[in-house]
Amino acid sequence: MTEIKNVTPEELAKQLQQNPDLRLLDVRKPEQYQQGHIKQAKNVPYADIDSFDSADKKTPVYLICKSGVLSMKAATNLQARGYQTVNVLNGMNGYQGKTVK
């Protein structure tokens, strides 16, 4: 198994500017997600990550949580299922970009 790729929150913000259609999953609980999330992020709580299903396994899936711990676990899970994954280090704690509620 290959190592999970990581990006910093700053790198994620730059990539979102260049590619607004970037696939980003926020694996926090719905109540945390609703308190503030990145506009493009789809909420797929970590507890439900096994239900994530997409025919497109080649396009990278970026994963973010509060601190980077659960998103790394989710990235590992999805990678084992054949997805290209990228973990956001430090999660929303480190993200300085604009968020929506």
Side-chain angles (χ1 to χ4, degrees):
M1 184 136 108
T2 56
E3 200 173 311
I4 302 287
K5 184 178 175 197
N6 291 295
V7 294
T8 65
E10 295 79 17
E11 289 169 329
L12 174 65
K14 282 183 199 156
Q15 290 179 22
L16 285 168
Q17 285 179 335
Q18 294 165 0
N19 178 9
D21 297 329
L22 184 131
R23 282 205 300 186
L24 176 62
L25 300 185
D26 188 322
V27 298
R28 296 176 298 160
K29 292 178 180 167
E31 52 273 16
Q32 292 173 302
Y33 176 81
Q34 289 162 2
Q35 289 171 2
H37 60 272
I38 299 167
K39 185 178 172 187
Q40 293 91 328
K42 179 182 175 195
N43 188 212
V44 179
Y46 178 72
D48 300 333
I49 201 69
D50 287 338
S51 67
F52 177 76
D53 191 27
S54 171
D56 178 7
K57 292 190 174 184
K58 297 281 180 244
T59 301
V61 179
Y62 287 73
L63 294 123
I64 194 165
C65 65
K66 183 178 176 191
S67 66
V69 175
L70 274 184
S71 55
M72 178 56 94
K73 288 181 180 178
T76 302
N77 175 310
L78 291 178
Q79 188 182 56
R81 292 172 39 211
Y83 290 93
Q84 302 293 317
T85 60
V86 182
N87 180 50
V88 181
L89 296 168
N90 302 319
M92 291 301 291
N93 286 346
Y95 187 76
Q96 300 295 315
K98 191 176 164 194
T99 59
V100 295
K101 293 185 182 202

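One is the number of the first residue; the rest follow in order along the sequence.
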Looking only at heavy atoms, which two atoms of [X] and [Y] are closest? And how far apart?
| X | Y | answer |
| --- | --- | --- |
| Ser54 | Arg23 | OG-NH1, 2.8 Å |
| Thr85 | Ala75 | OG1-O, 3.4 Å |
| Pro30 | Asn43 | CA-OD1, 3.3 Å |
| Lys101 | His37 | C-CE1, 4.3 Å |

State whether the side chain of [X] and the backbone N or O of [Y] hold a donor-acceptor pair below 3.5 Å, judged by distance alone.
| X | Y | value |
| --- | --- | --- |
| Asn6 | Leu89 | no |
| Arg81 | Phe52 | yes |
| Tyr95 | Ile38 | no |
| Lys29 | Tyr46 | no |

Is any side-chain heavy atom of [Y] closer than 4.5 Å to one of [X]?
| X | Y | result |
| --- | --- | --- |
| Ile64 | Leu25 | no |
| Val44 | Asp26 | no |
| Lys57 | Gln84 | no |

Thr76 side, atom OG1; Glu3 side, atom CD - distance, nearest 0.5 Å: 10.5 Å
Rounded distance (nearest 0.5 Å) linking atom CD1 of Ile4 with atom NZ of Lys73: 13.5 Å
Same cluster (ILVMFWY, side-chain, under 4.5 Å), Val88 and Ile49: no
Same apolar cluster (I L V M F W Y, side chains within < 4.5 Å links), Leu24/Leu63: no
Other residues, nucleotides, ligands: >12 heavy atoms within 6.0 Å of Lys39 NZ: no
Short side-chain donor-acceptor distance under 3.5 Å, Asn87 and Ser71: yes
Check: Asp56/Thr59 side-chain N/O donor and acceptor closer than 3.5 Å: yes
Give every donor-acceptor pair under 3.5 Å between a side-chain atom in residues 9-20 and any protein atom, sequence neighbours left out.
{"residue": "Glu10", "atom": "OE1", "partner": "Thr8", "partner atom": "OG1", "Å": "3.3"}
{"residue": "Glu11", "atom": "OE1", "partner": "Thr8", "partner atom": "N", "Å": "2.7"}
{"residue": "Glu11", "atom": "OE1", "partner": "Thr8", "partner atom": "OG1", "Å": "3.4"}
{"residue": "Gln15", "atom": "OE1", "partner": "Tyr62", "partner atom": "OH", "Å": "2.4"}
{"residue": "Asn19", "atom": "OD1", "partner": "Asp21", "partner atom": "N", "Å": "3.1"}
{"residue": "Asn19", "atom": "OD1", "partner": "Leu22", "partner atom": "N", "Å": "3.4"}

CA sep, side-chain torsions, deciding dist, call: Lys66, Asn93, side-chain contact (heavy atoms from CB on, under 4.5 Å): CA-CA 6 Å; Lys66 183 178 176 191; Asn93 286 346; 3.5 Å; yes
